[in-house]
Amino acid sequence: MANSNTKAQKRVLLLCGDYVEDYEAMVPFQALLAFGVWVDAVCPGKKTGDICRTAIHQASAHQTYSESRGHNFTINATFDEIEFTKYDGLVISGGRAPEYLAMNSAVLDLVSNFSNSGKPIASICHGQLILAAAGSVKGRKCTAYPTVGPVLVAAGAHWVEPETMSACVVDGNVITAATYEGHPEFIQHFVKALGGTITGSDKRILFLCGDYMEDYEVAVPFQSLQALGCHVDAVCPNKKAGDACPTAVHDFEGDQTYSEKPGHNFTLTASFEGLNTSSYDALVIPGGRAPEYLALNESVIALVKEFMEIQKPVASICHGQQILSAANVLKGRKCTAYPAVKLNVVLSGATWLEPDPIDRCFTDGNLVTGAAWPGHPEFISQFMALLGVQVSF
């Protein structure tokens, strides 16, 4: 996607399990795909097309983090068929999955092979339990979620206490991070370890957020663009920097429409009131339920019109196109959206592009539209092209 040179495509293995942390599986998975890396996600005992149930972990008022059900994460390769020699690097996601994966001899053999070969390994949060069990941290500087520290020390690692939950540590071919808050640096280090170079990232990007926007549809592009080195701000009407928006997990679980569960709380980085929109190079509009009410906000409509009228890149996904329709900026455009938004798009004078399959994305001039979060890799890659940001290996 974002890799335009003719060298062999980098291939990465992502190790998953049931109740892997939702962000810690999907963000690196889709970010790396968007950057042009081939990613195979595997889980012991599962085959291509199977799912891993995920967990949403976040800080709470209690003495430890809370957990709730996240998205279903689809495995795209079969664990029993993988050959580690075909891969250039390994990503180990966190959550509760590493607790039982660390007892699986096939997993430990796989991790040992990567470690002994010197290929890049990126492990996050509780994923370091697997590194410890595989004997891959002895003499290494490592961080992790704080409760994993005693295990790493016992395994011979040089423990680095995470000063913040975004902490990352690099020691040779091993990259470790405390939590998903550190994804931007974590992914950036991994891309560099794979031999990647990022250019054109001196961009300022604004995210238009609201309560109950779709969890993936804000977090994945937000952290992916940060990983590229872009300055990214998230704002919401009537909220200021440091406030949070609750998100929604929208998933496809066999019903006639998507299901909804509570998602992560997403922290805003800037205040909507007094925002200097002219200082930003591009706009991203996540989907979910937030666009339904944001489309009624005159300040939101004025902001969207400003970006579209001066032809700055705009990327909108899923229900985000409800805002574009309300702003009357789609007339004569070709675009897609979540199928239920077709009426809004057609009535606004746009040419409807059928999202079949659901991961289809399209670019028309300065506008990128996507149908739903499964299309994030293409959505982000097309947006990168408009921004002039490139990852090359």
Side-chain angles (χ1 to χ4, degrees), residues 21-23 26-27 54-62 65-71 165 180-181 183 205-226 232-253 257-275 277 280 283-305 307 314-327 337-338 340-341 344 369-373 376 379:
E21 211 291 325
D22 200 359
Y23 279 174
M26 187 59 86
V27 174
T54 73
I56 290 173
H57 288 169
Q58 56 186 350
S60 71
H62 304 292
Y65 54 86
S66 63
E67 175 174 309
S68 58
R69 275 287 311 277
H71 296 80
M165 290 300 97
Y180 55 75
E181 292 181 23
H183 269 153
I205 300 164
L206 186 65
F207 272 62
L208 183 55
C209 302
D211 288 346
Y212 299 105
M213 57 189 166
E214 212 288 327
D215 199 357
Y216 278 167
E217 290 173 4
V218 62
V220 174
F222 189 89
Q223 291 194 316
S224 296
L225 292 164
Q226 285 183 317
V232 190
D233 278 330
V235 297
C236 173
N238 303 315
K239 297 195 180 191
K240 60 184 184 301
D243 289 347
C245 285
T247 70
V249 170
H250 287 171
D251 214 344
F252 311 97
E253 300 184 290
T257 189
Y258 54 85
S259 63
E260 178 170 308
K261 298 182 282 286
H264 296 80
N265 291 323
F266 186 85
T267 302
L268 302 170
T269 63
S271 301
F272 188 86
E273 187 176 353
L275 186 70
T277 54
Y280 294 95
L283 176 68
V284 177
I285 306 175
R289 284 196 291 110
E292 293 178 346
Y293 79 89
L294 291 177
L296 305 176
N297 186 303
E298 292 182 0
S299 296
V300 167
I301 297 303
L303 184 153
V304 171
K305 284 184 174 180
F307 275 88
V314 174
S316 182
I317 194 164
C318 200
H319 287 71
Q321 284 80 301
Q322 290 177 318
I323 299 175
L324 297 178
S325 299
Y338 189 72
V341 184
N344 303 68
T369 54
W373 57 256
H376 273 151
F379 181 72

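Computed from a predicted model, the values in this text were never measured in an experiment.
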Measure across [X] and [Y] and return the closest heavy-atom pair with its distance rounded to 0.1 Å.
X: Leu208; Y: Pro286; value: O-CD, 3.1 Å
X: His57; Y: Glu67; value: NE2-OE1, 2.6 Å
X: Leu296; Y: Glu292; value: CG-O, 3.9 Å
X: Asp211; Y: Tyr293; value: N-OH, 2.8 Å
X: Asn265; Y: Pro246; value: OD1-CA, 3.6 Å
X: Ala241; Y: Ser271; value: N-OG, 3.1 Å

* Sole residue of Tyr338, Phe252, Trp373 in ring-ring contact (aromatic ring centres under 6.0 Å, His included) with Tyr258 ->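 Testing Tyr258 for a ring-ring contact (aromatic ring centres under 6.0 Å, His included) against Tyr338, Phe252, Trp373 leaves exactly one candidate, Tyr338.
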* Are side-chain N/O atoms of Asp251 and His71 paired as donor and acceptor at under 3.5 Å? ->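 Absent: no donor and acceptor within the cut-off.
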* Asked: How about Asp233 and Thr269: does a side-chain donor come under 3.5 Å of a side-chain acceptor?
  ->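 Present: a donor and an acceptor within the cut-off.
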Within-4.5 Å side-chain heavy-atom neighbours: [X] and [Y]:
X: Gln321; Y: Asn344; value: no
X: Ile56; Y: Asp215; value: yes
X: Leu268; Y: Cys245; value: yes
X: Leu303; Y: Leu283; value: yes

* Is the number of heavy atoms from other residues, nucleotides or ligands within 6.0 Å of OH (Tyr212) greater than 12? ->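 Open: at most 12 neighbouring heavy atoms sit under 6.0 Å from OH of Tyr212.
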How long is the straight-line distance from [atom2] of [Y] back to [atom1] of [X], given to the nearest 0.5 Å?
X: Thr247; Y: Lys261; atom1: OG1; atom2: NZ; answer: 11.5 Å
X: Cys236; Y: Asn297; atom1: SG; atom2: CG; answer: 9.0 Å
X: Met26; Y: His183; atom1: CE; atom2: NE2; answer: 12.0 Å
X: Ile317; Y: Met213; atom1: CD1; atom2: CE; answer: 13.5 Å
X: Glu217; Y: Phe379; atom1: CD; atom2: CZ; answer: 8.0 Å
X: His250; Y: His319; atom1: NE2; atom2: NE2; answer: 7.5 Å

* Keeping the roles fixed (side chain from Gln223, backbone from Tyr180), state whether a donor-acceptor pair exists under 3.5 Å. =>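 Such a contact is found between Gln223 side chain and Tyr180 backbone.
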* **Donor-acceptor pair, side chain of Glu260 and main chain of Ala248, under 3.5 angstrom** =>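 No, the answer is negative, given that no donor and acceptor are paired below the 3.5 Å cut-off.
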* To do: Show your reasoning for whether side-chain contact (heavy atoms from CB on, under 4.5 Å) applies to Leu225 and Phe207.
  => CA-CA 11 Å; Leu225 292 164; Phe207 272 62; 3.9 Å; yes
* Would you please test Leu275 and Tyr280 for side-chain contact (heavy atoms from CB on, under 4.5 Å) and show each step? => CA-CA 10 Å; Leu275 186 70; Tyr280 294 95; 3.9 Å; yes
* Taking the six-membered ring for Trp and the full ring for Phe, Tyr or His, determine whether the centres of His264 and Tyr23 are under 6.0 Å apart. =>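 That pair passes the under 6.0 Å test.
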